[in-house]
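Just so it is clear, the structure is predicted and the values come from calculations on it, not from any experiment. The basis for the numbers below is simple: all heavy atoms, side chains too, and nothing from hydrogens, waters or symmetry mates.
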Amino acid sequence: MRALSFLFVALVVAAACGDPLGLPPPSIANRVDTVSLYAISGTPITAASAYIIAFRAKVRTDQSTQGFDFVFDIDSAGRSVLLPTGALRLGQGSGIQRTSTPFDSILVAPTRDYELDSAVVVDSNAVALLHSRPLTCSFGITTLYYAKLHVLAIDTLERRIDFEILSNINCGYRGLETGLPKR
């Protein structure tokens with residue numbers, strides 16, 4: 001009887017949180033932001049070259065006390081690349097993967113097949129999926145935050161990439177639609 005009571009209480013708590021895994025209901029609407037980053041090499045140090053998914057923020061790599069999830073660069077072959085933290089020898093934290101799925105058709109982030117240690121080549125109109133470094137949410141679980149990115153333009157003379165990005169910053173959710181995530 002005691003085990004049955006415990007199970008009932010656990011189910012009620014999980015239902016009250018809005019998710020069978022015990023996640024609270026999402027409270028932050030997903031939105032699409034337009035961002036410009038400058039290459040980490042060959043541009044002034046004052047130009048932002050990195051992005052933090054969980055904060056929806058572009059940052060300078062030398063001033064970010066929160067770390068970052070990826071940087072933009074142009075490699076020695078002249079290719080535009082996004083680099084996760086492992087490619088920068090900062091630990092395997094964040095991940096990037098190219099996809100042929102159109103940006104607006106991506107509804108849920110996958111949980112695997114991300115590149116952790118190497119640069120991912122991108123060009124104009126490329127679409128990529130990203131995940132953050134593991135972060136601890138305010139309610140105590142460690143999880144990843146997910147995003148989708150669509151390259152709008154690359155200016156090789158200014159060494160700049162312009163993209164739109166939708167970051168889901170609801171702890172534990174992978175939904176990549178605008179508004180409150182469903183998943």
Side-chain angles (χ1 to χ4, degrees), residues 26 28-64 66-88 90 93-111 113-133 144-170 173-183:
I28 303 168
N30 294 343
R31 68 171 192 253
V32 177
D33 297 310
T34 302
V35 177
S36 295
L37 293 179
Y38 291 84
I40 195 169
S41 60
T43 60
I45 192 74
T46 56
S49 58
Y51 194 81
I52 304 172
I53 293 170
F55 298 135
R56 295 178 174 155
K58 60 184 181 178
V59 295
R60 290 173 40 179
T61 57
D62 67 320
Q63 291 188 332
S64 177
Q66 302 296 321
F68 49 84
D69 296 309
F70 66 92
V71 300
F72 168 68
D73 204 4
I74 297 176
D75 68 11
S76 59
R79 301 176 303 175
S80 299
V81 295
L82 299 177
L83 297 113
T85 55
L88 298 166
L90 297 174
S94 61
I96 304 170
Q97 67 173 277
R98 289 266 320 240
T99 181
S100 60
T101 305
F103 182 81
D104 291 331
S105 297
I106 300 169
L107 305 180
V108 178
T111 58
D113 298 327
Y114 290 88
E115 182 58 55
L116 304 174
D117 293 320
S118 299
V120 174
V121 177
V122 294
D123 47 20
S124 289
N125 213 32
V127 176
L129 295 153
L130 306 105
H131 72 66
S132 70
R133 298 160 289 120
L144 304 173
Y145 292 89
Y146 294 91
K148 62 182 178 179
L149 177 148
H150 173 228
V151 178
L152 300 172
I154 297 171
D155 184 330
T156 54
L157 292 176
E158 286 194 34
R159 301 180 66 81
R160 185 187 76 234
I161 187 171
D162 302 321
F163 57 88
E164 60 183 347
I165 187 167
L166 182 145
S167 299
N168 185 339
I169 58 175
N170 289 279
Y173 284 79
R174 297 184 300 120
L176 294 177
E177 298 176 79
T178 56
L180 289 177
K182 298 175 181 108
R183 302 172 188 97

Distance from [X] atom [atom1] to [Y] atom [atom2], nearest 0.5 Å?
| X | Y | atom1 | atom2 | value |
| --- | --- | --- | --- | --- |
| Lys182 | Asn30 | NZ | CG | 10.0 Å |
| Phe68 | Leu37 | CZ | CG | 11.0 Å |
| Asp113 | Ile96 | CG | CD1 | 14.5 Å |
| Ile40 | Asp73 | CD1 | CG | 6.5 Å |
| Ile52 | Ser167 | CD1 | OG | 11.0 Å |
| Leu107 | Thr101 | CG | OG1 | 10.0 Å |

Validation row: Leu149, Leu82 side chains within 4.5 angstrom (heavy atoms): yes

Just so I know, are the side chains of Asp33 and Arg56 near enough to count as touching, which here means a heavy-atom distance under 4.5 Å? yes

Could you tell me which non-hydrogen atom of [X] sits nearest to which non-hydrogen atom of [Y], and how far apart they are?
| X | Y | result |
| --- | --- | --- |
| Val35 | Tyr51 | CG2-CE1, 3.9 Å |
| Ser94 | Leu116 | O-CD2, 3.3 Å |
| Ser124 | Ala153 | OG-CA, 3.9 Å |
| Ile74 | Ala39 | N-CB, 4.0 Å |
| Pro26 | Pro181 | CG-O, 3.3 Å |

What orientation do Tyr114 and Tyr146 show, parallel under 30°, tilted 30 to 60°, or perpendicular over 60°? tilted

Sequence neighbours excluded, the answer for salt bridge (Lys or Arg N to Asp or Glu O under 4.0 Å) partners of Asp75 is Arg79

For Asp117, give me all partners under salt bridge (Lys or Arg N to Asp or Glu O under 4.0 Å), at least two apart in sequence or on another chain. none

The single option from Leu130, Leu129, Val120 that satisfies side chain to side chain contact (heavy atoms under 4.5 Å, CB included) with Gln97 is Leu129

Donor-acceptor contacts, no H, no angles, side chain residues 157-166, under 3.5 Å, sequence neighbours left out:
unit_1	atom_1	unit_2	atom_2	d
Glu158	OE1	Arg160	NH1	2.8
Arg159	NE	Ser41	O	2.9
Arg159	NH2	Ser41	O	3.0
Arg159	NH2	Ser41	OG	3.3
Arg160	NE	Asp162	OD1	2.9
Arg160	NE	Asp162	OD2	3.4
Arg160	NH2	Asp162	OD2	3.1
Asp162	OD1	Ser36	OG	2.5
Glu164	OE2	His150	ND1	2.8

Under 3.5 Å, is there a donor-acceptor pair between the side chain of [X] and the main chain of [Y]?
| X | Y | value |
| --- | --- | --- |
| Thr85 | Gly93 | yes |
| Arg174 | Val108 | no |
| Lys148 | Leu176 | yes |

Checking [X] now: which residues fulfil side chain to side chain contact (heavy atoms under 4.5 Å, CB included) with it, not counting sequence neighbours?
| X | answer |
| --- | --- |
| Ser132 | Ile53, Asp69, Leu135, Leu144, Tyr145 |
| Ala126 | Arg98, Val122, Asp123, Val151 |
| Thr46 | Pro44, Arg60 |

Audit row: Thr178, Arg31, side-chain contact (heavy atoms from CB on, under 4.5 Å) steps and yes/no: CA-CA 5 Å; Thr178 56; Arg31 68 171 192 253; 5.7 Å; no

